Amino acid sequence: MTTTVPDEIQIAKLSIEAACTALESLFKRMEVMPRAEKIMVSDTVRQACERLRTAKDLLGQLETGPLPGEGA
């Protein structure tokens, strides 16, 4: 068995943290955007948040469940 899965979990954690930071920054900038600009980016932001939630859920499963290839 290789040790790549724990490394991949750490990389996923860092990627999720970076995405959260980027979204928080965007939300701050959106506070001062004109309404028309807010509307244009809102769908993209919602999609990004949904992807981030999915990634967090998957990461949680990887951290607590059996690793791929291990018995159930």
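As the structure is a prediction and not an experimental result, all values here were calculated from the model. The first residue of the sequence shown is numbered 1, and numbering continues consecutively from there.
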**Q** Roughly how far apart are T44 OG1 and Q47 CD, rounded to 0.5 Å?
**A** 5.5 Å
**Q** When rounded to the nearest 0.5 angstrom, what distance separates CD1 in I16 from CZ in R53?
**A**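 So the gap between those two atoms works out to 12.5 Å.
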**Q** Tell me if a side-chain donor or acceptor on S15 pairs with a main-chain N or O of I11 at a distance below 3.5 Å.
**A**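 Between the backbone of I11 and the side chain of S15 there is a qualifying donor-acceptor contact (under 3.5 Å).
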**Q** Could you pull out the closest heavy-atom pair between L59 and I9, with the gap in Å?
**A** CD1-CG2, 3.5 Å
**Q** Do you know which two heavy atoms are closest between M33 and K38, and how far apart they sit?
**A** O-CE, 3.1 Å
**Q** Quick one: are M30 and E37 in side-chain contact, heavy atoms under 4.5 Å?
**A**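 They are not in contact (no side-chain heavy atoms under 4.5 Å apart), so the answer is no.
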**Q** Same cluster for F27 and L52 if Ile/Leu/Val/Met/Phe/Trp/Tyr side chains link at under 4.5 Å?
**A** yes
**Q** Looking at CG of L58 and NZ of K56, how far apart are the two atoms once the value is rounded to the nearest 0.5 Å?
**A** 13.5 Å
**Q** So which atom in C49 and which in L23 form the shortest heavy-atom distance, rounded to 0.1 Å?
**A**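 So the two residues come closest at SG-CD1, 3.9 Å.
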